Structures are given as C-alpha cells and as structure tokens.
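A short worksheet on the structure shown next.
Just so it is clear, the model here is predicted, and its values are computed rather than measured. Heavy atoms only: backbone and side chains are in, while hydrogens, waters and symmetry mates are out. The sequence lines fix the lettering, A, B, ..., with proteins before strands; numbering per chain opens at 1.
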Amino acid sequence: MTDNNLEVMTSFELFGKKVEVVTDPNKQADFKNDVVFENFLGTGFNVTETIFNTWIIMSIIILFCIATRILMKHFKEIPTGFQNVIETIVEIFQNFTKTTMGEHNLGFAGFYFTIFVFILLCNLSGLFALRSPTADYATTFALAIIIFFMIEGFNIAKNGLGNFIKGLFEPLWFLMPMNVVGEIATPISLSFRLFGNLLAGTIIMSLFYSMPYWFTKIGVPAIFHFYFDLFSGCLQTYIFCMLSMTFVSNVIPVPEEKVEE
Amino acid sequence: MNEALQTIIAEGAANILAFSGLGAGIAMIAGFGPGIGEGIAASRACEGVSRQPEAKGDITSTMLLGQAVSETTGIYSLVIAIILIFANPLVGAYASFLTENVLGK
C-alpha cells in the first residue's frame, strides 16, 4: 500500500503530534459529499457535490421554464401535444392543492409545485449517478426553514400577533414551553424525514456497490434504485409537500362566507 | 512519552470507537416502533378500503401522512446512528480532553 492511495478520514491533535486515521478509498463505500471545485473562482468557497448537482437541477428547471414560456405564445383554445401535457400537470397539482388546503388556498399551488418539482428532481438524480442534493442536511433544512417561516408568518398575518401569542399559551398557560418546542420541532422533523430517508438510501446503495464481487453489480442494483430512488424518492416528495401544505393551511382560517353557504 | 501510556490512550480511543458502533446498533432498535405502528396503520387502511372501496384515494393519502409522521422517531434514531458511525464527535472530544488534562500536567 502506497501513501497516495490513502485518504484521511479524521485527524486530531494529541500531545502536540498530529494523529491521522486513514482509510483506503478504493475499499470503502463512497457516499461522502466530495468537493468538486476547491476554492471556486478564487472566492475561498468550496463547491461540493450537493451545490454542483443543485446547479444542474436548477438549470434543467430554468431551461424547461423558458421553453414553456416561449411555447406558451403559440397556445390555442383547443390544446394539442405539448400544451396538453402542461395543462394536465397544472390541473393535477391544482386539484391536489384544493383537496389538501381547501378552495380558498388555491394560490399556494404555484409555490408548492415549485418545491415539489425541485425535491422530485433532487430525489431522482440518484438514477443519473448524481448524489442527491437532498441527502445533504443543508438542502433539506433550507427547505424546512422556508416552511417554518411560512407557518409563523401566515399565522401572524392572518390571525394577528395577539392571537399568535395567545395561541402559545393554550390550552393552559404553563404549557407554553411545550408549544414553543412543538413549533420548533416542526421544521426539524420535516427536514430530518427527507434527509434521513435519502441518506439511508444513498448509504445502502453505495455499500452495495462497494462489494467486491462482480455478479452483485448485475440486475440487483436495479431493484435498489427502483425502491430507494423511484419509490422512496417520489413518496418522500409527496409527503414533504403534503405535510407542509397541511401545516400552512392549519394556521389559515377558513373564510366566513364559505362556511355560511 | 512512555510507551505504556501511549498504549492506554490508544486503547481508550479504540474503546470509544467500539462503543460508538454498539451505540449505533442499539439506537436502531427504535426501528421497532415505527415498523409496528406503520404496519397497524396499513392494516387498518386495508380494512377501510375493503369496506369502502370508493374512498381509496382519501384513505391512502391519510395513511401515508400518518405513517410519515410516525416514522419520525425511526428517522431520528437513524440519523443518530449515522452520526455515531460516520461523523463521530466523541473521539475528537477524547483527544481534546487528553491534551488539556494529561498534557497540561
């Protein structure tokens, strides 16, 4: 074994001496978030696989949006071809929003569709040998923080600051710490759910791929990809959107005239 | 630095790594609860669908939502196990403890 084959796993200082725990990367499962560009454009900023794959997914979404925008000028009253597909997707998602959040919250469909498409492409990127950006806690926590501020923001905007503070002291005043912990636990559980599922899939698959027998690489990984990328990925996307929709629609009161009808 | 002390320190680090592995395994026992709970939810959903096949869509989405929420405890234990195995913070704590307390004297 030569020194260039070894990779430093962890290093720490002990009695003034530097101790390094090294491993052979050729014999180890590779699921780490590797740095793609070190010191990107001289900014001192390391671009990891997560960021790079997010850029790829972003560029796919942006290009698709621009193409749709250009083709939208030629859309007709009676849809054909490409217009059919777009209208079906939009209609399906509007119906989904309607059933989950109610008729009065239809305006959220666009926002949640964006989140849905982004997470879905992130989860499916494992099929194209890219490391899923959602298998990094930074991505999922960023998404969950958006939802957290949406919940609190809409709660204050729709119910008023007084009712928001009052709601923390319900049903009994001394339960206030529990309510605060519950509010903070929402984004953490949302992000950990997505992150844990995706990271578990990534680790199990890379452990399987690192097996030294050639016959394990024929056919069997397809089953793993089907379960972890397609099934689990789509399900977790659906669940993230569904849960965040439920959380946000819970704090928005139903308009009165709808109830009287 | 005499060699006996170095051996003891190395043994300490090895013990920490070994027990971290054990701890990760014990943490994954939490997989029990969500498994049983989700199974019960799925069986009840099956009963509901067989009784009322026209409500299949609602039952499925409600079941998935409930299962996702009850899966959270399992995911927490999974994250803890992953941290213990792949990003162990305890070895670093041990090293800094040694440098501060043993080397300082």
Side-chain angles (χ1 to χ4, degrees), chain A residues 9-21 23 28-33 92 95-96 99-100 135-137 140-141 144 185-204 206-207 231-232 234-247 250, chain B residues 1-3 5-6 8-10 12-14 16-17 20 24 27-28 30-31 34 38 55 57-83 85-105:
Chain A
M9 237 172 105
T10 52
S11 63
F12 47 88
E13 199 113 328
L14 196 59
F15 299 109
K17 273 192 242 165
K18 206 177 176 202
V19 181
E20 284 183 341
V21 181
T23 54
Q28 229 211 344
D30 176 39
F31 54 84
K32 293 219 166 56
N33 199 1
I92 286 173
N95 281 333
F96 178 48
T99 51
T100 325
D136 186 338
Y137 191 57
T140 57
F141 190 65
T186 306
I188 293 175
S189 74
L190 255 184
S191 54
F192 266 147
R193 186 173 301 119
L194 190 59
F195 164 71
N197 274 292
L198 266 290
L199 186 67
T202 312
I203 288 177
I204 290 171
S206 61
L207 285 176
F231 177 73
S232 183
C234 294
L235 191 68
Q236 291 308 319
T237 313
Y238 172 74
I239 282 168
F240 187 92
C241 285
M242 182 100 171
L243 278 177
S244 48
M245 276 175 167
T246 318
F247 286 142
N250 272 349
Chain B
M1 179 61 48
N2 64 30
E3 250 174 54
L5 190 58
Q6 273 186 344
I8 291 168
I9 288 166
I16 286 175
L17 287 174
S20 302
M28 284 315 291
E38 285 176 28
D58 284 345
I59 290 173
T60 311
S61 59
T62 316
M63 179 194 78
L64 285 178
L65 194 68
Q67 285 186 336
V69 173
S70 60
E71 203 187 354
T72 312
T73 49
I75 296 292
Y76 286 161
S77 76
L78 175 74
V79 170
I80 287 170
I82 287 171
I83 288 172
I85 294 177
F86 297 113
N88 199 323
L90 302 174
V91 181
Y94 177 65
S96 61
F97 167 77
L98 284 179
T99 27
E100 277 167 22
N101 292 289
V102 184
L103 189 68
K105 282 167 192 171

Self-check item: Which portion of A/Tyr137 sits near chain B, non-hydrogen atoms under 4.5 angstrom
Solution: neither
Practice problem: Kindly say whether B/Glu71 contributes a backbone atom to a donor-acceptor pair with the side chain of A/Arg193 at under 3.5 angstrom? | Solution: no
Quiz prompt | CA sep, side-chain torsions, deciding dist, call: A/Leu243, B/Val69, side chain to side chain contact (heavy atoms under 4.5 Å, CB included) | solution = CA-CA 9 Å; A/Leu243 278 177; B/Val69 173; 3.9 Å; yes
Self-check item: For A/Phe240, ring-ring contact (aromatic ring centres under 6.0 Å, His included) partners two or more places apart
Solution: none
Practice problem: Against chain A, label B/Leu64 side chain, backbone, both or neither, depending on which of its atoms sit under 4.5 Å from a heavy atom there. | Solution: both
Exercise. Would you mind checking which part of A/Leu190 comes under 4.5 Å of any heavy atom in chain B, side chain (CB onward), backbone (N, CA, C, O), both or neither?
Key: neither
Self-check item: Spacing of A/Leu207 atom CG and A/Thr202 atom OG1 [to the nearest 0.5 Å]
Solution: 10.5 Å
Quiz prompt | Residue selection (most heavy-atom pairs with chain B, distance under 4.5 Å) from A/Thr246, A/Ile239, A/Ile188 | solution = A/Ile239
